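In what follows, every chain begins at residue 1, and chains take the letters A, B, ... in the order their sequences are listed. On a predicted model such as this, the values are computed, not experimentally measured, just so you know.
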Amino acid sequence: MSNNQEFLEVKNLVVEYKSDGQIVHAVNGVNLKLGKGRTLGLVGETGAGKTTIAKSILRILPDVGCKIRGGEVHLDGKDLLKISENEMRKIRGNNISMIFQDPMTALNPVMRVGDQIAEVVRLHNDGHYDPRKRAEEMLEIVGIPAERYMEYPHQFSGGMKQRVVIAIALACNPDLLLADEPTTALDVTIQAQVLDLIKDLREKYNTAMLLITHDMGVVAQVCDEVAVIYAGTIVEYGTKEQIFDHPTHPYTIGLFGAIPDMNEDEEWLHPIDGLPPDPTNLPKGCPFAPRCKYATAECEKGPIQTYKTADGHDCACCHIADVVKGGK
Amino acid sequence: MTPVIEVEHLKKYFTTPRGLLHAVDDVTFTIEKGKTLGVVGESGCGKSTLGRTIIHLHESTDGVVKLNGEQVNHLSGNALKKAREKMQIIFQDPYSSIDPRKTAEQTIMEPLIVSKKFKKSEIEEKTDELMALVGIDERLRRAYPHELDGGRRQRVGIARALALNPEFVVCDEPVSALDVSIQAQVLNLLKKLQMDKGLTYMFVTHDMSVVRHISDDICVMYLGQVVEKCPSRELFKNPLHPYTQALLSAIPSVDIHNQTERMILKGELTSPINPKPGCRFAARCPYAKDACHQAQQQEEVSPGHFVTCCRVHEL
């Protein structure tokens, strides 16, 4: 990882939800770093805590039943978890913005799409831009004719709605973009268009991006660095090349193995046996141990340390040497 | 041998306030026993409607569907009920296709009870067998859907579809709601069941890597029409229709060292309501010219490889 000044730094973040009197351990001590203009992919399965991390950075977790138990979120040296709500409101939309997963529900159905973009500019941009003009400009940037300013979301297709959501997120030139599965609800040909668009805009404005996804193919195309998350813990973290060329954590290896191969014929796929652990009752040691072929008593003793692999990336597994040898 | 499923010039139109929606427009194919036909295409291309029309969940507008050589799409009443025992469906979303107020056991039993062919003791016995077959633990017998994860729920859906020993199963995006590690478990299960029971599948999906893995032949659909049909390997080696080429090139590859130049399509799906004659892909096609706006013929370019594109020989 680059050691130059980190723009975003998440340190030891712990988030819990309360549900039915039980505590859901959603995020358990996560560390992330992101430089200006870089893209970090946060990869993991449903319920791994990906969206919770993004929402913690933006401080938009629900007030009731949810608590950031510990940790720090530094943006440009300022700890976002310590500042007042008023200050935070100035940062949202202006410095950090988020692309939500489902374009069908992220837009207001009874408000004109153009006005939805203009609203963000009016609220967050201190008169720097004329809201109406900026909204029209943003529509054009994401490939929608400005004449459609007065239309409503139901008049748009899924791909176009997602482009409106992107236009809203980018309207104030944020320094940090949190993209939560921005293309999951879209078809592949439209996904290709949207990914291309995000890439262009990012290069133009030098925006840093945290891309949340479960699709390894999307990560391969867009990201510079990758963090693999499992049950609220980062299990492997490195550059895209390190993770894709030398995946070392048994979970990452399993994740790659479970994807049907596009170039080779194989009779059977290689699923990861078992299921993710119950987040209200996490194992004491490695959360992946119950599903892991390499697991020993050592894995269950207590929290797993992060080790460096041969190529220098982080891997939270006490059996790296065995895994590298392979054979299982 | 007669193919298990023969579909000839099948059409399904829906009436909408704005005109006729051509959801499935003149689709023809056959599926041999024990084989899998993959149907791919983007949302709204009619692939799910095609599956549902074949097993008569929708009434067909025109055309013929034959099961083991006998026409089934005009049946009704008892004859239809009997034919349906042989044709089943596994739905996309295991969260909404299973009754939330029935236990796993009750859901799986239901087709057995409805068929009125079995005694109570036989039903219990068969339910046990089905649960073992799809890998649901005995202890989850009385679990309600909300107590099961997506993968197990889909297993319940599969057991229900297989309860009456069907010959033909439409799998309508059965794994797209599941995480990759669980998706692989369910795909392996479907494949094993096919081998053990000689099932014939029509596998509807938008995921190209899944369809490549599971299918013998693949149909590519665009706005209600089949634009290309050929054996699975051939499609990935030698895609001929411009839409198929765009679809394949749009898949993000996990191979970070071989990121090929992608073919990015302009525009989006046009409306399937009152479509004009001619190629429906022409509006987005980089190779479109005047001839594309006239009615297109399907052509067998090489043995078993069908393409509907008038420019296929030039490209």
Side-chain angles (χ1 to χ4, degrees), chain A residues 44-48 143 156-160 183 185-197 213-223 226 230 239-241 243-245 251 254-276 278 291, chain B residues 40-45 148-152 175-192 195 206-214 222 232-233 236-237 243 246-259 262-271 284:
Chain A
E45 297 181 273
T46 316
F156 282 44
S157 68
M160 288 171 91
T183 57
L186 306 177
D187 285 314
V188 274
T189 61
I190 310 294
Q191 164 171 295
Q193 290 176 2
V194 171
L195 288 179
D196 237 44
L197 172 75
T213 181
H214 64 274
D215 188 332
M216 285 294 198
V218 171
V219 173
Q221 256 179 27
V222 183
C223 298
V226 183
Y230 185 78
T239 64
K240 174 170 77 182
E241 288 72 22
I243 303 288
F244 277 70
D245 291 342
Y251 175 64
L255 214 50
F256 278 114
I259 307 169
D261 197 313
M262 289 296 277
N263 301 310
E264 264 166 61
D265 291 306
E266 37 186 11
E267 183 83 37
W268 300 103
L269 296 173
H270 310 285
I272 306 173
D273 289 331
L275 295 169
D278 177 358
R291 298 172 82 183
Chain B
V40 291
E42 296 178 274
S43 45
C45 75
L148 302 174
D149 64 280
R152 290 222 179 85
V175 295
S176 48
L178 308 176
D179 280 318
V180 275
S181 69
I182 308 297
Q183 169 181 308
Q185 294 175 2
V186 173
L187 286 174
N188 278 351
L189 171 67
L190 286 171
K191 205 156 181 175
K192 183 170 174 295
M195 287 165 107
H206 67 276
D207 186 328
M208 297 303 280
S209 60
V210 167
V211 83
R212 183 185 183 281
H213 175 77
I214 198 131
Y222 191 80
S232 171
R233 257 179 238 185
F236 284 84
K237 220 170 28 186
Y243 176 64
L247 197 61
L248 291 179
S249 96
I251 309 165
S253 161
V254 288
D255 186 347
I256 54 168
H257 301 294
N258 278 315
Q259 293 280 351
R262 282 177 299 145
M263 179 175 160
I264 304 238
L265 288 175
K266 297 232 167 60
E268 297 177 35
L269 260 71
T270 40
S271 164
R284 293 170 83 190

**Pick from B/Arg233, B/Arg152, B/Lys237, B/Lys192 with the largest number of heavy-atom pairs that fall under 4.5 Å of chain A** =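 Sorted descending by pairs with chain A, the first entry is B/Arg233.
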
**Request:** Check each atom of B/Asp149 against the heavy atoms of chain A and say whether the ones under 4.5 Å are side chain, backbone, both or neither.
**Result:**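 Contact with chain A involves the side chain of B/Asp149 alone.
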
**Region of B/Met263 that comes under 4.5 Å of a non-hydrogen atom in chain A** =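 The answer is neither part of B/Met263.
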
**Asked** Would B/Asp255 and A/Met262 satisfy side-chain contact (heavy atoms from CB on, under 4.5 Å), going step by step from the backbone distance to the final call?
**Response** CA-CA 10 Å; B/Asp255 186 347; A/Met262 289 296 277; over 6 Å; no

**Prompt:** Can you name the salt bridge (Lys or Arg N to Asp or Glu O under 4.0 Å) partners of B/Glu42, sequence neighbours left out?
**Reply:**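 Scan of B/Glu42 (salt bridge (Lys or Arg N to Asp or Glu O under 4.0 Å), adjacent residues dropped) gives B/Arg284.
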
So, [X] side chain and [Y] main chain: donor-acceptor pair closer than 3.5 Å or not?
X        : Y        : value
A/Gln193 : B/Leu265 : yes
B/Asp179 : A/Glu45  : no
B/Arg212 : A/Asp261 : yes

**Request:** For B/His257 and A/Asp245, test the side chains for any donor-to-acceptor distance below 3.5 angstrom and give the result as yes or no.
**Result:**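 A pair is found: one side chain offers a donor N or O, the other an acceptor, under 3.5 Å apart.
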
**Request:** Determine whether A/Leu269 and B/Gln183 make a side-chain contact, defined as any pair of heavy atoms from C-beta on separated by less than 4.5 Å.
**Result:** no

Mind checking the [atom1]-[atom2] spacing from [X] to [Y]? Nearest 0.5 Å is all I need.
X        : Y        : atom1 : atom2 : result
A/Thr189 : B/Ile264 : OG1   : CD1   : 9.5 Å
B/Ser253 : A/Gln221 : OG    : CD    : 8.0 Å
A/Lys240 : B/Ile256 : NZ    : CD1   : 6.0 Å

**Message:** Please evaluate residues B/His206 and A/Val188 with respect to the criterion side-chain contact (heavy atoms from CB on, under 4.5 Å), reporting the C-alpha separation (whole Å), side-chain torsions for both, the decisive distance (0.1 Å), and the verdict.
**Reply:** CA-CA 8 Å; B/His206 67 276; A/Val188 274; 5.9 Å; no

**Verdict with supporting geometry, B/His213 and A/Glu267, side-chain contact (heavy atoms from CB on, under 4.5 Å)** = CA-CA 8 Å; B/His213 175 77; A/Glu267 183 83 37; over 6 Å; no

